[in-house]
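First comes the structure, then the notes that go with it.
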Amino acid sequence: MQTKPVLTLEDVKKIAAAAEAEAVANKWAVSISIVDDGGHALWFQRLDGAAPISSHIAPRKARVAALGRRESRVYEEMINNGRVSFLSAPEMEGMLEGGVPVIVDGHVVGAVGVSGVKSNEDAQVAKVGIAALG
């Protein structure tokens with residue numbers, strides 16, 4: 001049987017704090033979602049001023065990144081490049097840039113999804129959060 005690392009609450013708090021700090025430093029009103037490797041919610045926060053819809057989009061971006069084991073932008077690019085049939089894939093709402101998997105020792109242990117600003121900025125917030133794990 002194999003073993004793998006898992007996100008602890010302490011890890012999740014580190015990611016969330018760093019992601020929030022990045023968003024605040026840039027004056028970006030976003031929602032931040034962190035999920036485990038199965039796409040299950042571990043953390044959610046909506047910063048002051050974030051659009052209500054971002055509270056629905058961020059968790060879906062995180063779920064797509066966790067279940068797909070890659071950044072959610074990959075799916076957006078596939079669709080934009082003509083593979084529109086991918087829109088019918090199950091459990092894949094949120095195929096927009098801004099969902100980033102958390103990879104530890106080669107294992108996807110979760111993901112961070114951010115929504116509220118430009119997609120590349122959402123991804124930036126997520127990546128800064130993940131980098132806080134060291």
Side-chain angles (χ1 to χ4, degrees):
M1 183 166 295
Q2 296 182 2
T3 60
K4 66 176 186 174
V6 296
L7 289 172
T8 65
L9 180 57
E10 181 181 332
D11 296 330
V12 170
K13 287 179 178 180
K14 284 180 189 175
I15 293 168
E20 178 183 356
E22 179 69 7
V24 169
N26 286 289
K27 297 183 172 106
W28 293 336
V30 297
S31 288
I32 301 165
S33 177
I34 304 171
V35 300
D36 66 12
D37 62 334
H40 305 99
L42 297 173
W43 186 273
F44 177 80
Q45 67 187 98
R46 182 175 148 202
L47 301 183
D48 293 340
I53 192 66
S54 70
S55 67
H56 294 277
I57 297 171
R60 285 168 175 80
K61 287 180 177 183
R63 182 173 169 81
V64 163
L67 294 178
R69 308 292 196 246
R70 63 189 71 170
E71 287 193 44
S72 55
R73 74 172 170 76
V74 171
Y75 299 107
E76 181 179 15
E77 291 169 356
M78 287 174 25
I79 293 163
N80 288 343
N81 288 323
R83 192 163 180 209
V84 294
S85 61
F86 214 88
L87 290 169
S88 65
E91 303 295 325
M92 297 296 279
E93 294 177 330
M95 292 185 284
L96 304 164
E97 184 175 7
V100 181
V102 179
I103 302 171
V104 177
D105 297 333
H107 297 277
V108 173
V109 297
V112 179
V114 179
S115 178
V117 287
K118 293 177 183 176
S119 291
N120 64 310
E121 295 166 346
D122 290 340
Q124 177 182 325
V125 171
K127 289 174 182 178
V128 167
I130 294 166
L133 289 178

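We use all heavy atoms of the structure for the numbers below, so side chains are in, but hydrogens, waters and symmetry mates are not.
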Flag side-chain contact, heavy atom, 4.5 Å: Arg73 against Asn120: no
Check: Ser31 and His56 side chains under 4.5 Å, non-hydrogen atoms: no
How close do [X] and [Y] get, counting heavy atoms only, and between which atoms?
X	Y	result
Ser33	Ala62	O-CB, 3.9 Å
Gly129	Ala18	CA-CB, 3.8 Å
Pro59	Ser54	CD-O, 4.2 Å
Trp28	Leu47	O-CD1, 3.8 Å

Polar side chain donor-acceptor pair, Asp122 to Ser119, under 3.5 angstrom: no
For Lys4, salt bridge (charged side-chain N to carboxylate O under 4.0 Å, His left out) partners two or more places apart: Asp37
Test your reading of the model: is there a side-chain donor-acceptor pair from [X] to the backbone of [Y], 3.5 Å cut-off?
X	Y	value
Lys14	Leu133	no
Glu76	Glu97	yes
Asp105	His107	no

Lys127 and Glu71: CA distance, side-chain angles, deciding distance, salt bridge (Lys or Arg N to Asp or Glu O under 4.0 Å) verdict: CA-CA 10 Å; Lys127 289 174 182 178; Glu71 287 193 44; 3.4 Å; yes
Apart from Ile53 itself, residues in the same hydrophobic cluster as defined by side-chain heavy atoms under 4.5 Å: Ile57, Leu96
